[in-house]
Chemist: 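If you scroll down you'll find the structure; I have some questions about it.
As a basis for the values below, the full set of heavy atoms in this structure was taken, side chains included, without hydrogen atoms, waters or symmetry mates.
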Amino acid sequence: MIEVKNLTKQYGQKKAVDDISFTVNDGEILGFLGPNGAGKSTTMNMLTGYISSTSGQALINGVDILDDPMRAKRDIGYLPEMPPLYLDMTVKEYLNFVYDLKKCKLPRRAHLEDVCSLVKINDVYDRVIRNLSKGYKQRVGLAQALVGNPPILILDEPTVGLDPKQIIEIRTLIKRLGKKHTVILSSHILSEIQAVCDHVIIINKGKLAADDTTENLTKNISTDSRLIARIDGNRDEILKVIKSIPGVISVLADMEREQGVFDYEIEVKEDADIRRELFKRIVARNWVILGLKSTEMSLEDIFLKITMGDNVDIKVKKNSDEQTPDEVGSDDGESISPESDEGNAAQSDEGAADDAAAGDSEEAEEKEAAE
């Protein structure tokens, strides 16, 4: 479980992250969104302990990342946007190095084989990382985050550089991992977030702008819904008939799609379902409905409304100490290897791999501060 309480990061007069609070429960997949320079990378770097906060707390399974970083980091697997890879090592050498660095107690050979099978890098296990494609390098970066079977995974753009087939595979893997791991996923592919995540957080200009499910965000932003009906019949008469249906706010006829066939965009009141009445009235006049679909707001629509200055008022869920984690089933969950109290990832701030990742993190935060 991750608890963020009034977290703030300030560079001089610039607040990269401004007093944000949220909770990620066990077994939950959180989509972490925001435009460039919004403070996403800075927040993730504070959660993983690569940079310190100016004020506030980041609790990893109840442990403050600043008060006891060694203990907190044992529970974290982190994939930064630029994976911390040693390009002159083979995949085998690198993963064994990470295994030793994290002081992993799980059976070495079996555990690394499981990790490689999960991210599908068995066929490049003996190859030098420098010679791998960008997609395979990204997979190796994901593999290092999974070494030690940490209960919390923080993934920054995990599908960058992957082809469509690989993206689907990683997306499926993340969903499976979410059954036994707490996952924070940052991505600019909003359809990916919508398909994978249980709920989303949107950060804008350093402040928490939204924290809820996509469905609830849609309800908060829009109190009405829209239907698109493709109808074959007299255009002017159809407009009159649709406007007369109770619950209809407005109707517009789009361009002619076929001879005598138009798309009608129908805006209806909240909780109004006009589909049956629409069908009855159209059929009664011997017109034909060729298509009918709803046009609910996508995550992309929500993101743009919140971040483009539309003055959208979103209710952000309040962080509560009384909130209890969701119960997570274990029968159908994905596990890299058997659970072990001593087998979780350990002390990730010791060693050169973390120095490389920290360098990437510092570069990212300096860029955000400058923006």
Side-chain angles (χ1 to χ4, degrees), residues 29-32 40-41 44-45 47-48 50 73 75-87 89-99 101-102 104 106 111-189 192-193 195-197 333-337 343-345 348 353-354 356-357 360-361 364:
I29 304 177
L30 169 72
F32 197 57
K40 298 190 308 298
S41 295
M44 297 176 86
N45 288 335
L47 290 178
T48 54
Y50 285 120
K73 290 180 182 182
D75 289 342
I76 299 173
Y78 181 36
L79 172 64
E81 186 174 358
M82 298 294 292
L85 305 176
Y86 286 108
L87 301 182
M89 287 184 173
T90 65
V91 175
K92 178 180 179 179
E93 291 170 341
Y94 175 68
L95 293 183
N96 275 277
F97 168 72
V98 173
Y99 178 96
L101 185 69
K102 292 184 175 183
C104 184
L106 299 171
H111 177 55
L112 293 183
E113 285 179 355
D114 288 342
V115 169
C116 291
S117 295
L118 279 171
V119 298
K120 300 186 184 302
I121 57 173
N122 304 78
D123 54 336
V124 297
Y125 194 54
D126 294 313
R127 291 184 58 184
V128 176
I129 295 175
R130 183 184 302 278
N131 298 329
L132 300 180
S133 67
K134 181 176 177 60
Y136 270 115
K137 288 177 182 176
Q138 195 72 12
R139 286 169 176 255
V140 175
L142 181 57
Q144 66 80 26
L146 295 172
V147 170
N149 197 17
I152 294 173
L153 298 173
I154 299 179
L155 311 177
D156 194 357
E157 300 284 350
T159 58
V160 168
L162 304 186
D163 62 41
K165 181 175 181 291
Q166 293 171 331
I167 288 175
I168 293 173
E169 290 173 350
I170 296 300
R171 182 186 299 170
T172 302
L173 171 61
I174 292 172
K175 292 180 73 173
R176 293 167 64 192
L177 291 172
K179 294 183 180 294
K180 276 201 167 183
H181 300 257
T182 302
V183 181
I184 294 182
L185 171 63
S186 175
S187 176
H188 284 107
I189 306 175
E192 179 178 284
I193 295 291
V196 172
C197 298
E334 177 65 29
S335 178
I336 298 172
S337 53
N344 291 330
S348 61
D354 285 313
D360 293 332
S361 302

Chemist: For P150 and A145, which heavy atoms make the closest approach, and how far apart are they?
Modeler: CG-O, 3.3 Å
Chemist: I need the minimum non-hydrogen distance between G141 and P83, along with the two atoms involved.
Modeler: CA-CB, 3.9 Å
Chemist: Measuring from R139:CZ to K134:NZ, what's the distance to the nearest 0.5 Å?
Modeler: 14.0 Å
Chemist: Just list the side-chain donor-acceptor pairs under 3.5 Å for residues 120-127, sequence neighbours left out, or say none.
Modeler:
{"residue": "N122", "atom": "ND2", "partner": "S117", "partner atom": "OG", "Å": "3.4"}
{"residue": "D123", "atom": "OD2", "partner": "Y136", "partner atom": "OH", "Å": "3.0"}
{"residue": "R127", "atom": "NH2", "partner": "N131", "partner atom": "O", "Å": "3.2"}

Chemist: Go through L85 and R130 one step at a time and tell me if the side chain to side chain contact (heavy atoms under 4.5 Å, CB included) criterion holds.
Modeler: CA-CA 9 Å; L85 305 176; R130 183 184 302 278; over 6 Å; no
Chemist: When rounded to the nearest 0.5 angstrom, what distance separates CD1 in I184 from CG in L79?
Modeler: 13.0 Å
Chemist: How many angstroms lie between CG in L118 and CZ in R176, if you round to the nearest 0.5 Å?
Modeler: 6.5 Å
Chemist: Just wondering, do Q166 and T159 contact through their side chains at under 4.5 Å, heavy atoms?
Modeler: no
Chemist: Under 4.5 Å between any side-chain heavy atoms of V91 and I129, yes or no?
Modeler: yes
Chemist: At their closest point, which heavy atom of L47 faces which heavy atom of I76, and how far apart are they?
Modeler: O-CD1, 3.6 Å
Chemist: Could you tell me which non-hydrogen atom of K137 sits nearest to which non-hydrogen atom of L132, and how far apart they are?
Modeler: CE-O, 3.3 Å
Chemist: Of all heavy-atom pairs between I193 and L185, which one has the smallest distance, and what is that distance?
Modeler: CD1-O, 3.7 Å
Chemist: Salt bridge between E81 and K40, side-chain N to carboxylate O under 4.0 Å?
Modeler: no
Chemist: How many angstroms lie between atom CG of L155 and atom CE of M44, to the nearest 0.5 angstrom?
Modeler: 7.0 Å
Chemist: Between atom CD1 of I168 and atom CG of L173, what is the distance when rounded to the nearest 0.5 Å?
Modeler: 13.5 Å
Chemist: Determine yes or no for a side-chain-to-main-chain donor-acceptor pair under 3.5 angstrom, with K102 supplying the side chain and Q144 the backbone.
Modeler: yes
Chemist: Does any part of the side chain of Q138, heavy atoms only, come nearer than 4.5 Å to the side chain of L142, both counted from C-beta?
Modeler: no
Chemist: State the CG-OG1 distance between L177 and T182, to the nearest 0.5 angstrom.
Modeler: 11.5 Å
Chemist: If every non-hydrogen atom of L95 is compared with every non-hydrogen atom of A143, which pair is closest and at what distance?
Modeler: CD2-CB, 4.0 Å
Chemist: Do the rings of F97 and Y86 sit parallel, tilted or perpendicular, given the 30° and 60° boundaries?
Modeler: perpendicular
